[in-house]
Amino acid sequence: MPRGRLADSFAGSMKLWSLYFIPTLKESPADAEIASHKLLVRAGLVRKLGGGLYTYLPLGLRVMQKLSQICREELDAAGAIELWMPHLHPAENWQQGPRWPAAREIMFRADHAGDGKRAGREPEFVLGPTHEEVITPLIKAEITSYRDLPKNFYQIATKFRNEIRPRYGLMRAREFVMMDAYSFDVDDAHAIASYQKMKAAYVSFFRRIGAHAIAVEADTGVMGGSFSHEFMVPAEVGDDDVIYCEASGYAANREKATSALVPADLVDAAPEGALEDLATPGVVTIAALEAAPYSVPATAQFKTLVFMGDGKPFLVILRGCDELEEAKLGSLGFTLFRPATPDEIEPVMGAKPGSLGAVRGTIKNPSALAGVFADQAIRLIGNGTTGANRDGVHLRHVNVTRDLAITQFGDFRRVRPGEPCPLSGQPLLVRRGIEVGHIFKLGTKYSERYGAVYTDDQKQSHPMVMGCYGIGIGRTLQAIIEQSHDADGIVWPWAVAPFQLLICVLDPQLPEAMDLAKQLAAAAEGAGADVLIDDRAERPGVKFKDADLIGVPLRVTIGGKGLKEGIIELKRRSAKDVVKVPLAEAGAQLAAAVRAAAGSTQAPA
RNA sequence: CGGGGUGUAGCUUAGCCUGGUAGAGCGCCUGGUUUGGGACCAGGAGGUCGCAGGUUCGAAUCCUGUCGCCCCGACCA
């Protein structure tokens with residue numbers, strides 16, 4: 001005979017654990033690797049539906065709602081306006097946009113299933129990975145005058161991206177919650193002001209939620225646009241390397257980071273001798289040329305890479321000892337680029353990879369090239385060695401200015417820790433970080449494409465200057481756990497804790513204990529806390545373990561022992577000590593503790 | 001997509017190498033004893049061993065295929 005339980009008549013915003021739903025786990029799920037992912041599941045915040053797809057259980061949802069609410073408050077304060085856009089987009093919107101070729105592979109197509117007649121054709125609908133392609137046409141239709149600018153719209157909504165590899169729980173999901181905002185301004189100066197305002201809003205958002213996120217210079221990637229910052233939470237499990245300097249405050253994503261390796265006043269070396277063949281049969285790597293009998297240091301070798309940019313080959317020249325930072329090629333203006341295949345390389349260069357070079361006159365078909373782009377660090381090579389574009393032959397005594405046909409110098413190499421900071425000259429450091437937010441100054445890439453123009457007071461028409469801004473709400477939730485947990489569980493910052501006070505009633509069968517719990521809960525709620533009462537018929541050990549696991553910042557214990565003594569116990573999740581409070585003062589002290597905690601939500605420095 | 005790993009009860013897993021039709025811990029249910037840091041005793045329910053073929057008298061175990069998941073790389077909030 002199945003036995004349910006009768007509904008409890010207890011009402012109010014405080015929750016009774018026995019009536020709520022917090023499925024905690026003693027053991028970590030087998031598919032979780034990192035601490036925050038394990039705790040997300042163990043503390044009953046989420047459950048996995050499939051790869052990169054998660055259900056937010058009540059506790060997880062509460063944190064998401066708090067993050068969203070604080071985000072809203074900060075954006076509203078910055079003058080942004082909330083709206084809501086569809087997640088299902090006509091594919092046409094994207095096909096008209098500037099990044100369809102690059103973005104289509106991460107988008108889920110959502111065709112009308114029906115009769116399958118559309119199989120193999122272009123999709124009818126796509127699930128939105130972001131919303132530039134939706135909001136820009138909207139603004140084109142609705143805003144035409146400088147009088148209506150600036151405007152900044154945001155939403156906090158679900159995004160869909162067919163991530164090649166979903167990972168680490170909410171860290172990289174296929175469906176995730178993101179705040180995305182889009183600013184529209186009359187010109188560059190105003191757009192920069194909007195950008196700065198958003199940057200300030202981000203800083204205060206991350207401070208309020210207790211996350212120590214730092215703003216770092218970032219690459220603009222497929223978004224396009226002129227400059228951008230990422231907000232990173234330092235963590236070993238992060239996907240990104242942040243290059244930084246403590247002396248100057250310089251901080252940049254590895255993709256963007258640069259160093260003062262090449263002095264500004266560098267004088268290019270004069271040639272040391274005539275070009276000369278060096279027979280190198282079978283030598284196709286930097287390392288092989290570095291070894292005896294050739295003994296050419298990697299620092300004196302030229303590395304010649306061939307890429308295909310929008311269908312045309314181009315060359316990238318680096319020092320042999322340097323690595324290409326592929327993202328930096330984005331500045332060259334190609335819509336799509338990729339490494340060339342050996343079959344594409346030989347007809348142009350005249351040799352296979354391993355014997356390539358950019359010395360004038362040695363390239364088989366130089367007119368096929370879209371350009372020769374050299375990393376400026378090659379200027380440090382006075383007298384170098386490079387491939388002769390004949391298999392098994394290199395050239396030595398190569399001089400950059402005399403011998404190489406360079407279209408343009410640039411910064412294409414990957415910075416290494418220890419190189420001088422571009423601002424202070426001090427050695428650069430590196431650490432891993434989780435990207436929780438990103439802001440871009442977009443420029444007019446989208447407004448021009450979609451015709452989002454306005455008329456100024458001189459009756460002149462101009463494209464609006466845009467910015468776009470994102471915060472991964474779910475990823476931020478997990479980043480907070482990653483940086484704020486201990487061996488026993490999560491340690492929530494006050495502002496985002498699913499509940500801020502947990503009242504552990506060790507003897508819930510005693511009416512006086514439960515009465516006291518509800519009385520204290522009311523006092524704490526009056527002071528502004530969200531309260532959970534653990535009224536389960538569990539042993540104390542179970543309750544304490546669960547309390548630590550779910551990480552509620554403040555805990556009150558009501559036990560038979562204490563009641564005899566006339567006290568309750570007050571304990572912070574982040575501290576070891578337990579404070580005994582006489583019953584007569586319990587309500588007042590609890591309220592005071594709540595007010596104190598709520599007032600100090602700043603992230604530690 | 002390339003490389004590596006893995007799939008056995010709600011969860012964590014043993015068994016697989018060396019075929020003989022599945023075992024434990026947690027959790028759950030019943031009863032009892034307990035009761036301040038994941039209790040104990042007794043009893044019980046729960047598994048098409050991811051799926052599909054194949055080999056074999058016989059397959060969780062061997063072979064082939066396939067799917068899911070996890071990790072490393074490219075991508076991103």
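Residue numbers begin at 1 in each chain, while the letters A, B, ... track the order of the sequences.
- In this model, a donor atom of one side chain and an acceptor atom of the other lie less than 3.5 Å apart for A:H438 and A:S228.
- Annotation: B:rG3 and B:rC63 have their C1' atoms spaced 23 Å apart (nearest Å).
- Rounded to whole Å, the separation between the P atoms of B:rG10 and B:rC51 comes to 13 Å.
- A:L501 has its side chain within reach of A:L590: a pair of non-hydrogen atoms, C-beta onward, lies under 4.5 Å apart.
- With a cut-off of 3.5 Å on both Watson-Crick or G-U wobble distances, the partner of B:rC69 is given as B:rG5.
- A close approach under 4.0 Å does not occur between any side-chain nitrogen or oxygen of A:R475 and OP1 or OP2 of B:rC76.
- Going from the P atom of B:rU48 to that of B:rU61 covers 16 Å, rounded to whole Å.
- Remark: the A:R99 side chain and the A:Y446 side chain contain an N/O donor-acceptor pair separated by less than 3.5 Å.
- OP1 or OP2 of B:rG38 has not a single side-chain nitrogen or oxygen of A:R539 nearer than 4.0 Å.
- When the C1' atom is compared between B:rA59 and B:rG50, the two are found 16 Å apart, to the nearest whole Å.
- If you take atom C1' in B:rA74 and the same atom in B:rC1, they sit 9 Å apart, rounded to whole Å.
- With hydrogens and angles left out, the side chain of A:E538 and the base of B:rG38 share no donor-acceptor pair within 3.5 Å.
- Pairing partner, B:rU48: none, since no Watson-Crick or wobble contact has both distances short of 3.5 Å.
- Between A:R573 and A:D488 no salt bridge is recorded (no basic side-chain N to carboxylate O distance below 4.0 Å).
- Contact of A:R42 with B:rG27 (side chain to base): no donor-acceptor pair of N or O atoms is detected under 3.5 Å.
- Separation of the C1' atoms belonging to B:rG15 and B:rG25 is 15 Å when rounded to the nearest angstrom.
- Per the stacking criterion (ring centres < 5.5 Å, plane angle < 30°), A:F544 does not stack onto the base of B:rG38.
- Checking A:K561 against A:S28, the closest nucleotide of RNA chain B that is more toward the 5' end is the one next to A:S28.
- Rounded to the nearest Å, the gap between the P atom of B:rU6 and that of B:rC16 is 14 Å.
- In this structure, the side chains of A:D375 and A:D411 come closer than 4.5 Å at one or more pairs of heavy atoms.
- Between A:Y168 and A:P29, the residue whose closest nucleotide on RNA chain B is further toward the 5' end is A:P29.
- No hydrogens or angles were tested; on distance alone, a donor-acceptor pair under 3.5 Å links the side chain of A:R555 to the base of B:rG37.
- Here the separation of B:rC29 from B:rG23, taken at their P atoms, is 24 Å to the nearest Å.
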